[in-house]
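Inspection log for the structure reproduced underneath, given as structure tokens.
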Amino acid sequence: MSPPQGARRFPWKAALYIAGLAVVGVLFASGFDYYRTPLGERAHHEGYWSWKAGGRVGHKLGIAGSSMMLLMLLYSVRKRVGALRRAGALSRWLDVHIFFGVFGPLLVVLHSGFKVQGLVALSFWSMVVVASSGVLGRYLYLQIPRTRAGEALALAELESQDRDLTERLRAGFGLGDAELGRIDALVAMPARTGLVAGFGHMLVGHLRLRAALAGFARGCRGVPRPLYREFERVVQQKALARRRILLWDRMHELFHYWHVMHKPFALVMYLFMAVHVAVAVMTGYAWGSRL
Amino acid sequence: MLAVLTLLATRSELNAQISPGPLSQAHAKLEGSTQCLACHDPGEGVAASKCLACHEPLRKRIVAGKGLHARADYRDCKRCHVEHQGLEFALVHWGKQGSTAFDHSLTGHALAGKHARLECSACHKTRSFLGAAGECSSCHRDEHRGQFRAACSSCHGEQGWRPAAGFDHAKTSWPLSGRHAAVPCDRCHSARQADPERPGASYRIFRVSSGRECASCHADVHKGRLGSSCVTCHSTAGWKQTRMAGSFDHGRTGYPLTGRHAAVACEACHRPGRPMRVEHERCSSCHEDAHGGASQQRADLGRCESCHTVQEFRPARFGPDEHAKTAYPLRGAHLAVACDDCHKGAFGAPAGVRRASSAAAGVVRVPLKLAATRCADCHRDPHRGEAAAVSAQAGCETCHRVEAWQQVGFDHAKTRYPLSGQHARVACERCHGPAEGHAALGFKLAASECASCHRDPHGGQFAGPEGRTACERCHATDSLRATRFAHARDSRYALDGAHARLACGDCHKPETRGAISIVRYKPLPVTCAGCHSTRQIAAKGGTR
């Protein structure tokens with residue numbers, strides 16, 4: 001049952017991120033004195049037996065962080081296993097994937113005590129790359145219009161959406177061809193833009209476009225004051241749809257390449273994390289060990 | 001991916017990468033991923049049992065309950081000895097204050113005194129800090145070279161080698177007492193023995209088996225006179241703190257005590273705090289000269305023993321014979337007079353008192369030379385100066401003799417009243433009157449009349465016109481009988497005839513006149529009829 005129209009939904013996602021950041025902040029503040037101690041002197045720090053990687057707190061941070069990163073794999077499983085197609089919207093799984101992808105590495109960073117060396121460093125830096133690429137991937141993901149369930153829209157569907165928005169501006173707010181042409185001009189890009197140049201254009205244009213559209217909206221004098229907010233939002237959606245149509249090919253190609261980078265690093269991370277955990281367990285740092 | 005593959009291909013590099021960090025120098029031989037389990041245990045992590053499997057000496061100490069690691073809170077090796085911190089990382093961390101702040105008592109061997117200020121390396125010669133035995137001999141050389149069997153700590157403390165505060169000489173066979181206890185050790189234990197192991201070095205001999213006689217340390221100030229057993233009189237309380245009373249035989253000294261000296265308290269001569277030796281050659285060393293030095297003019301220079309003995313100061317042996325040699329020989333009754341009747345002693349505290357006790361008790365001063373030798377200097381004049389004129393010429397001896405007061409040599413004939421007859425036999429007091437002793441004996445009588453001594457038995461029958469009775473007309477001093485009376489001469493009635501044969505009483509009849517009884521001598525009748533009757537007269541034919 002969907003919430004009633006107009007009622008504000010509790011921002012669960014924001015709340016979880018705020019709570020997670022608070023926990024990480026408290027942990028970082030608690031271990032700050034230990035973290036800022038030079039490596040050669042940490043063994044003599046009073047917080048050594050708590051905050052070192054195998055310490056009372058550090059060990060649990062490692063377990064929690066690595067557990068989160070293992071849970072991230074549920075998103076891949078959900079995406080690939082057909083039997084799980086009904087197990088919630090894919091976008092929700094992605095939210096979970098991203099949440100664990102943010103806080104798992106942060107906890108692992110605290111677990112490491114900012115001391116990265118040895119074999120586990122590969123896992124660590126892989127994690128950094130994977131997490132960083134996840135941020136990029138999330139951006140690219142947003143550039144590809146999707147259904148509510150998270151399925152990507154086809155180009156035709158996107159063009160149909162553009163047409164609807166054009167008609168709404170024309171009929172609802174009285175925009176003529178000239179004004180609509182100006183919106184198209186704001187999002188236009190060179191016809192033969194390369195993959196990387198197009199991505200850069202998109203990033204830069206994304207920032208410029210918001211200001212340009214705001215200026216355009218202010219220039220349209222005929223829009224009634226009460227409808228101005230709606231007008232401005234529709235103009236933005238129109239411009240975004242238009243740019244997505246223009247970048248549709250490139251975004252799909254870019255997203256493909258992103259996967260090629262994201263997954264191997266994730267694999268390396270998991271591989272060496274597994275080795276690290278195995279060594280830790282073998283040397284007496286299993287769950288419940290007397291540390 | 002390339003890096004991963006490179007690592008996987010290079011096994012040794014991979015091994016190194018598994019480790020969280022290089023091991024310390026001491027454990028460097030355990031480096032390598034294949035040796036993780038040499039120290040780590042899957043169940044216990046870095047188990048102490050694994051450490052002790054290599055550190056066998058430490059394990060033995062823990063089993064024996066010795067040392068720091070035997071303590072329950074020091075059993076987990078990794079808590080202190082943190083590993084994987086680098087090759088140069090020190091496995092023993094002493095904290096910010098360094099090793100000097102380490103509480104060594106945690107090891108079961110608390111450090112104090114000089115030990116507490118030592119560097120660790122002074123005792124611990126090994127990196128493991130093991131091997132430093134608790135016995136003193138493990139670090140210190142036996143300075144006594146085996147003279148003592150007791151543990152060093154029974155005498156010496158950690159504060160320093162000297163003084164040996166724990167050493168109790170009382171527990172030895174030669175307990176120290178009194179002044180001995182304050183004598184520095186080396187005053188008695190001065191002997192040293194050359195150390196055979198260290199040329200040029202020597203050690204002090206403490207175990208003394210001989211030479212415990214006092215004379216081995218002390219000089220005999222008595223020169224052997226009092227024997228060799230000093231303790232008979234002296235104690236360790238001090239040379240002057242003697243205990244001679246009762247047991248000391250003073251006869252063995254140069255001054256045997258006899259007479260009153262034997263009863264004198266030791267302290268009276270041997271004053272506390274003064275040298276024991278007392279000058280005794282002359283009595284005056286102790287005694288004040290009671291005669292004020294007067295005797296020193298004698299030939300013997302006033303040696304007291306010439307007159308006095310140690311039995312008593314009085315009486316002196318200075319008798320009449322000795323007195324006879326003086327300017328005042330004693331004769332007569334003076335021979336029986338006690339000395340101090342003339343040489344009167346007086347108590348006083350003259351200057352130059354030698355003995356405090358004498359000063360306190362007072363000193364008898366007995367003058368030997370009297371200022372004068374006149375009788376009046378000693379004797380009171382019982383004549384109240386009446387004989388002054390006589391005694392001024394020849395003294396009291398004009399009348400008295402020194403043999404006795406009563407032996408008077410007075411010639412009454414030289415007075416205005418020579419004694420004769422019975423008077424010569426009458427005691428002086430009969431005339432001069434009794435007095436209190438002879439003190440108030442008067443000589444000059446107010447009158448020399450008979451009546452001043454004798455009562456007139458005649459009731460004044462013979463008194464002259466002036467009232468005086470001239471007794472001497474009838475009586476002499478040799479008898480009361482009227483030997484000088486001649487009836488024919490001295491009366492108006494001469495006796496003749498039968499009258500001459502009559503007894504006096506036939507005519508002179510007693511009568512009572514007033515309160516006295518007298519014999520009537522006159523007036524009597526001188527006629528016959530005054531006595532005879534008429535018939536008698538007639539018969540006799542008399543006529544008178």
Side-chain angles (χ1 to χ4, degrees), chain A residues 37-50 52-56 58-59 62 111-113 115-126 129-130 260-261 263-291, chain B residues 1-24 30-51 75-98:
Chain A
T37 303
L39 294 180
E41 300 173 14
R42 284 186 179 182
H44 304 147
H45 190 277
E46 60 182 6
Y48 176 72
W49 292 97
S50 294
K52 72 163 190 162
R56 284 184 292 274
H59 187 244
H111 161 72
S112 72
K115 172 194 172 189
V116 181
Q117 63 183 32
L119 182 65
V120 76
L122 286 173
S123 177
F124 179 85
W125 291 118
S126 297
V129 170
V130 171
V260 171
M261 181 184 70
K263 289 175 184 174
F265 275 106
L267 187 64
V268 170
M269 178 188 77
Y270 284 121
L271 175 65
F272 286 105
M273 187 176 81
V275 173
H276 172 70
V277 171
V279 170
V281 170
M282 182 185 74
T283 55
Y285 291 96
W287 176 264
S289 294
R290 190 166 59 88
L291 302 173
Chain B
M1 288 300 289
L2 188 63
V4 173
L5 293 173
T6 306
L7 281 171
L8 291 173
T10 335
R11 186 167 174 271
S12 60
E13 193 63 24
L14 177 64
N15 290 343
Q17 294 301 313
I18 288 176
S19 170
L23 291 171
S24 65
L30 298 173
E31 196 68 81
S33 61
T34 58
Q35 299 195 77
C36 297
L37 297 182
C39 301
H40 290 270
D41 182 90
E44 297 182 51
V46 181
S49 58
K50 294 245 179 186
C51 302
R75 296 280 181 85
D76 191 2
C77 308
K78 66 176 181 291
R79 285 285 158 182
C80 297
H81 307 293
V82 180
E83 260 298 1
H84 290 293
Q85 301 295 316
L87 200 64
E88 302 302 324
F89 188 79
L91 283 180
V92 178
H93 178 60
W94 297 105
K96 292 179 180 176
Q97 295 177 303

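Values below: every heavy atom of this structure, side chains too, minus hydrogens, waters and symmetry copies. The shown structure was predicted, so the numbers you read here are calculated from the model rather than taken from an experiment. Reminder, nothing fancy here: chain letters follow the sequence lines and each chain counts from 1.
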Are A:Tyr48 and B:Arg79 close enough, and set up right, to give a side-chain contact (heavy atoms from CB on, under 4.5 Å), and what steps lead you there?
-> CA-CA 10 Å; A:Tyr48 176 72; B:Arg79 285 285 158 182; over 6 Å; no

Taking all non-hydrogen atoms of both residues into account, name the closest pair between A:Leu39 and B:Gln85 and its distance.
-> O-OE1, 3.8 Å

Is there side-chain contact between B:Phe89 and A:Glu41, with heavy atoms separated by less than 4.5 Å?
-> no

Contact summary for A:Met282 and B:Cys36, nearest pair of heavy atoms = CE-CB, 4.3 Å

Chain B contact via A:Val281 - side chain, backbone, both or neither, heavy atoms under 4.5 Å = backbone

On the 0 to 90° scale, with breaks at 30° and 60°, tag the B:His93-A:His44 ring pair as parallel, tilted or perpendicular.
-> parallel

Check whether any side-chain heavy atom of B:Lys78 lies under 4.5 Å from a side-chain heavy atom of A:Trp49, and answer yes or no.
-> yes

Measure the spacing between CD of B:Glu44 and OG1 of A:Thr283 and express it to the nearest 0.5 Å.
-> 13.0 Å

